[in-house]
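Below: one structure, written as structure tokens.
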Amino acid sequence: MLIELTIRRHGLGRMISEFCRIAEVSRAGYYDWLKAADKRILLEESDYMDYELTLKIFEAKKRKAGAKTLRMDMENDYSAVMNLKKIHRLMNKYESVAKV
């Protein structure tokens with residue numbers, strides 16, 4: 001990301017190899033990262049929509065529900081299937097912590 005910002009801001013398109021060497025990144029890896037930008041945005045949007053569903057259930061349970069409870073309620077009430085690992089990841093990503 002830093003390489004891309006520097007190249008765009010200062011118009012240093014011919015120095016990609018040098019920047020990749022300094023950052024210890026292969027040029028192929030850099031270009032793969034650039035191509036995957038749209039996919040990362042879509043995944044981020046998908047994560048946020050899934051988080052909104054988990055937050056809705058989490059708030060309904062007065063923030064006292066863990067990931068297993070959220071998963072069970074999703075399947076029963078919303079007919080949504082979500083992996084338990086994904087629920088954990090979303091809770092960590094958006095800092096949702098159950099009260100004990």
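Values below: every heavy atom of this structure, side chains too, minus hydrogens, waters and symmetry copies. Nothing fancy with the numbering, it's 1 onward along the sequence.
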Could you measure the distance from the [atom1] atom of [X] to the [atom2] atom of [Y]? Nearest 0.5 Å is fine.
X: Met15; Y: Arg21; atom1: CE; atom2: CZ; answer: 9.5 Å
X: His10; Y: Thr6; atom1: NE2; atom2: OG1; answer: 6.0 Å
X: Ser96; Y: His88; atom1: OG; atom2: NE2; answer: 12.5 Å

State plainly whether one hydrophobic cluster holds both [X] and [Y], where clusters connect Ile, Leu, Val, Met, Phe, Trp and Tyr through side-chain heavy atoms under 4.5 angstrom apart.
X: Leu90; Y: Tyr48; value: yes
X: Trp33; Y: Tyr31; value: yes
X: Leu34; Y: Ile16; value: yes

Can you confirm whether more than 12 heavy atoms, excluding those of [X], are under 6.0 Å from its [atom1] atom?
X: Tyr94; atom1: OH; value: yes
X: Arg14; atom1: CZ; value: no
X: Lys93; atom1: NZ; value: yes

**Asked** Considering all heavy atoms of both residues, which atom of Ala65 and which atom of Phe58 are nearest to each other, and what is their separation?
**Response** O-CE1, 3.1 Å

**Item:** Nearest heavy atoms of Cys20 and Tyr30, plus distance in Å
**Value:**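 Taking Cys20 first and Tyr30 second, the nearest heavy atoms are SG-CB, 3.7 Å.
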
**Request:** Decide yes or no for Glu18 and Leu12: does some side-chain heavy atom of the first lie under 4.5 Å from some side-chain heavy atom of the second?
**Result:** no

**Message:** Side chains of Met91 and Leu70, heavy atoms from C-beta outward: is any pair under 4.5 Å?
**Reply:**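 In contact.
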
**Arg40 and Glu44 ion-paired at < 4.0 Å** = no

Considering only distance and modelled atom types, tabulate donor-acceptor pairs under 3.5 Å from the side chains of residues 74-87, sequence neighbours left out.
unit_1, atom_1, unit_2, atom_2, d
Asn76, ND2, Met72, O, 3.2
Asn83, OD1, Lys85, N, 2.9
Lys86, NZ, Asp50, OD2, 2.4

**Asked** Mind checking what makes side-chain hydrogen bond (donor to acceptor under 3.5 Å, both in side chains) contact with Lys61, not counting sequence neighbours?
**Response**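 side-chain hydrogen bond (donor to acceptor under 3.5 Å, both in side chains) check on Lys61 returns Asp73.
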
**Request:** Verify, without hydrogens or angle tests, whether Thr54 (side chain) and Tyr51 (backbone) share a donor-acceptor contact under 3.5 angstrom.
**Result:** yes

